[in-house]
Structures are given as structure tokens and as C-alpha cells.
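Accompanying notes for the structure given below.
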Amino acid sequence: MASTLPLPLTSPPQNPTPPPKTIITKPPTFRSRLSQLCKDGRPDLARRLLLDRPIPSTSTSTSTVLWNTVLIGLVCNGLPEDALRFLSLMSPASVRPDHYTFSSALKACADSNQLLLGRSIHARILRRYSRPNRILSNSLLNMYSSCGCRQVQLLFDRMRARNAVAWNTVIAWHARNARPSDAVVHFRRLLESGTAPTPVSFVNVFPAVACLDRALPDAVHALLLKFGGGFVGDPFVTSSAVAMYSELSDMDSARKVFDRTALRNTEVWNTMIGACVQNELPREALDLYLQIFESEIVSTDSVTLIAVLMAVSQLQSIDYGRQIHALVMKSAPMDSPVALSNALVVMYSRCGEVETAFRLFDEMSERDIVTWNTMVSAFVQNGFDSEGLMLVRAMQKKGFAVDPVAAMALLSAASNLGDSRIGRETHAYVFRRGSVSKGWIVT
DNA sequence: ATAGGGTTAG
């Protein structure tokens with residue numbers, strides 16, 4: 001290109017051809033190969049490549065970067081246990097862990113719920129650094145929060161430089177542990193501290209405000225509009241706000257938030273459809289599904305189909321049910337998730353087609369506890385009590401223990417059959433197993 | 001290269 005330009009002859013030569021650098025791509029470095037493998041979802045290959053490397057001719061600090069790359073790759077690909085095993089192979093003589101190592105290790109502990117290991121890493125951090133940096137402190141907060149340890153508050157209170165991430169972590173911790181007012185208090189203190197809230201601040205606080213003062217949800221939503229004009233378009237924030245209004249059964253507000261969102265991805269649609277189902281508005285749910293279908297802009301996934309099947313179950317319309325079933329077969333013919341098959345079984349059962357429900361149940365290659373409970377309840381609810389009882393035996397043979405849902409079906413079947421022996425046995429079983437913490441209701 | 005986020009069947 002440069003050679004075709006009419007250059008004046010007097011001017012000095014100006015690199016007539018581009019340097020070879022821009023033509024020949026540099027060979028990938030060992031680190032870039034590792035991180036590419038991790039990005040491609042093959043951290044196992046990256047790990048093997050690193051472990052099989054003949055002799056580490058690189059310096060200790062370079063090694064650390066390589067090890068961190070694989071470690072982060074394992075964590076980000078949902079393999080926290082492998083990450084921690086890999087970490088234990090890091091010999092301190094040749095690889096010296098750094099901030100990145102520790103923060104990834106803490107995330108691995110958080111993801112695999114390993115409090116003891118997390119604590120030991122915390123101790124190593126304190127031995128290494130007099131004061132952990134902000135990211136390490138936030139990683140520690142997250143680890144303790146994920147592992148359900150109360151140390152979160154103490155650690156947070158002692159932090160000097162708290163950024164939004166730290167605040168958000170504590171807000172989420174309170175909200176998830178059924179302390180909505182503490183979550184809101186920290187949200188308020190976040191605003192008072194002068195730290196700018198982030199979209200995550202709102203995502204975390206929304207679930208907490210639904211169960212408090214009725215004025216709060218609108219107040220927090222107003223704050224959202226005031227603080228982050230940019231956040232309202234965030235699909236996460238939208239989903240969270242829709243879910244909050246749905247929880248309050250304020251479907252007008254939920255719909256308003258949804259309608260005002262420019263960027264609606266599959267998850268946002270799923271939340272809105274799920275909100276309709278939760279509030280027993282199956283027609284609205286189906287209508288929304290139809291809109292996705294016609295717009296062809298966003299795609300649907302198994303979560304969408306599950307919600308739609310629940311709506312059909314509420315409507316008890318076998319015609320719609322069969323159509324959705326056909327769509328399920330078309331969209332996910334092979335390995336559809338168990339939850340989707342379960343939802344199909346529920347739908348046929350609610351529409352009164354127990355035989356079809358059982359055929360689907362019978363054809364399933366994988367069944368979980370919900371599958372068994374669903375089919376047992378399907379039998380009992382449709383008057384096939386003996387079949388329900390027999391299926392409970394089959395379920396126990398497969399190693400699934402009777403849980404509160406199955407117990408309810410059993411009691412109901414016993415009562416329908418007038419079988420006092422099974423009724424008494426189930427009652428005794430419930431009493432033996434019973435504890436409120438396990439979801440059992442003891443009477 | 002590092003921290004926090006929404007929906008999911010009985």
C-alpha cells in the first residue's frame with residue numbers, strides 16, 4: 001500500500017515496506033498457549049502441558065505466572081476441586097505463590113465450599129503480607145461468605161479501603177442469609193460512604209427489599225434511576241428488579257421495568273415469564289413466549305421451556321402441552337436437562353394424561369429425586385394410588401430416600417386407599433426422620 | 001491474568 005503512494009523524490013526513504021513483524025505473526029508463547037487452552041474450555045490440557053514440560057528454564061516469577069494461568073483456568077471452568085489439587089502440587093521451592101495465586105485459590109475454596117482450606121490459605125496470606133491488598137481482602141470476604149462463615153462481618157468492619165465490591169459482597173451475604181434489614185442497612189451505608197454503587201449493588205439488594213417495608217422497593221428502584229442511568233439497561237439489574245416486583249405480586253411494576261428495558265436477553269425474558277408463572281398468570285406467560293417466538297431476536301433455552309410448561313400445567317391445556325412438547329423435541333432432541341423432562345411429566349400429569357406421563361418417565365435415561373417424586377405424585381393425584389405406592393418402593397430400591405414430598409404423596413395414597421397400616425408407617429417414618437431443618441414438618 | 005451479579009421441575 002505504502003509503495004503506491006506518490007512520494008516526493010526528495011524525501012528520505014520512509015520504510016517502504018512494512019516490517020516483517022506485522023506480516024509474520026509471532027509464534028505463541030508458552031503462556032499464551034496455556035491461556036488459549038483455558039479459554040477454549042480445556043484447562044486439563046493446559047495443566048498437562050505445564051506439568052509435562054521437561055525442565056523449567058524460566059525464572060521463578062515466570063513459573064508463577066504460568067501456574068496462575070492454569071489455576072485460574074481450572075477455577076473459571078468450574079473445576080475448583082482440580083484447582084485446589086493443582087495448587088497442592090505447587091512446590092514452594094520452584095514456584096512462589098503471589099496475590100493472583102491466593103485470590104484464585106480462595107475462589108476455588110468458595111466454589112467448592114472448603115472452609116478449612118480457605119482458612120489455611122487465609123493464614124498463609126497473613127504470614128506473607130502484613131496487610132492483604134484490597135483484592136485479597138475481597139476474595140477472603142467472598143470465601144467466608146460462600147462457605148457460610150460469620151467471619152464476613154468482622155473482616156469487613158476491619159477493612160480500611162472498602163470499595164463497591166466489598167460492600168456488595170456483604171449486602172449479598174446478609175440478603176442470602178435471611179437478614180434483609182441488615183442487607184438494606186449496608187446498602188444505605190454504601191450510599192452514605194460516598195462509594196458509587198454498581199449494578200451488582202442493586203442486584204444484591206433487590207431480593208432483600210421485597211420482604212420489608214412496602215415503600216422500600218420503589219425507593220430503591222428510584223435510587224437506581226437516580227444513580228445509574230447506565231444500570232437500568234443492564235439485563236442483570238432488570239431481572240433482579242422484575243423478580244423483586246414479582247415476589248411482591250406487583251406485576252404492573254414488574255411489567256413496567258421489563259417493558260422499559262432496551263436490552264432483553266434470554267435470561268430477562270425467562271425471569272419475566274417465570275414471574276407470570278409464579279403469580280399464576282399462565283396466559284401472560286404463553287403470550288410472552290409467543291412474542292419471543294415471533295421476534296426471533298432472542299433465543300430460548302431449557303429454562304424458558306420449563307417455565308412455559310409450568311404455565312401449560314396451570315392452564316391444564318393438553319393442546320398447548322402437546323405443541324410445547326413438540327417444540328421441546330425440536331429444540332433439545334438429545335440431552336435435554338432432567339428438569340425439562342420432569343416439567344414434561346408434570347405437564348402431562350396435570351393435563352390428566354398419566355399414561356403419557358409414565359411413558360416419558362419410563363423412557364428417561366436419567367432420573368433424579370424430583371423425577372421420582374413427580375411421578376409418584378402424578379399417580380396419586382390421578383387416582384392411581386397403588387401405582388404410587390409401588391413406585392415409592394422402586395424409588396427406594398434405586399437408592400432414593402423418601403423425602404417430605406414423597407411422604408406427602410404416601411400419606412395421601414394411604415388415605416385414599418383407606419390403608420391405615422401404610423399411613424401409620426409413613427407417619428412413624430416422618431417422625432423418625434423429621435426435623436425442621438431438613439424441610440420436614442413434624443406434627 | 002486476579003474480587004461481587006438474574007431465571008431453573010415435585
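Residue numbers begin at 1 in each chain, while the letters A, B, ... track the order of the sequences.
Residue A:M310 is classed as a sugar-phosphate contact, given heavy-atom separations below 4.0 Å to backbone atoms only. When heavy atoms are screened at a 4.0 angstrom cut-off, A:S239 is found touching base atoms of the nucleic acid.
If you check B:dG6, B:dT2, B:dG5 against the side chain of A:V237, the one that comes closest is B:dG5. With B:dA3, B:dA9, B:dA1 as the candidates, the nucleotide lying closest to the side chain of A:N138 is B:dA3. The A:Y100 side chain lies nearest to B:dA1 when the options are B:dA1, B:dA3, B:dA9. The side chain of A:V165 lies closest to B:dG4 when the candidates are B:dG6, B:dT2, B:dG4. Considering only side-chain atoms of A:V200, the nucleotide from B:dG6, B:dT2, B:dG4 that sits closest is B:dG4. The side chain of A:V203 sits closest to B:dG6 out of B:dG4, B:dG6, B:dT8. Nearest nucleotide to the A:N168 side chain, out of B:dG5, B:dA9, B:dG4: B:dG4. Closest to the side chain of A:V338, out of B:dG5, B:dT2, B:dA9, is B:dA9.
We find that CG of A:L360 is positioned 14 Å from C1' of B:dA9, with the value rounded to whole Å. Rounded to an integer number of Å, the gap from NZ of A:K39 to P of B:dA1 is 9 Å. Rounded to an integer number of Å, the gap from A:R31 CZ to B:dA1 C1' is 6 Å. Following rounding to the nearest Å, A:L37 (CG) and B:dA1 (P) show an atom-to-atom distance of 17 Å. Rounded to whole angstrom, the span from the CG atom of A:D111 across to the C1' atom of B:dG5 amounts to 14 Å. A straight line from CG of A:L190 to P of B:dG4 spans 17 Å, rounded to a whole angstrom. Counting to the nearest Å, the P atom of B:dT7 and the CD atom of A:E267 are 11 Å from each other. Put simply, CG on A:L136 is 14 Å from P on B:dT2, counting in whole angstrom units.
Checked against a 6.0 Å centroid threshold, the rings of A:Y289 and A:W269 do not count as neighbours.
Contact annotation: A:N204 side-chain N/O to B:dG5 OP1/OP2 distance is not under 4.0 Å. Within the structure, a side-chain polar atom (N or O) of A:K107 is placed less than 4.0 Å from OP1 or OP2 of B:dG4.
Between A:R85 and A:D82, at least one side-chain N (NZ, or NE/NH1/NH2) sits under 4.0 Å from a carboxylate O, which counts as a salt bridge.
Using cut-offs of 30° and 60° on the angle between ring planes, the pair A:Y245 and A:H221 is perpendicular.
One N or O on the side chain of A:N133 and one on the backbone of A:I135 form a donor-acceptor pair closer than 3.5 Å.
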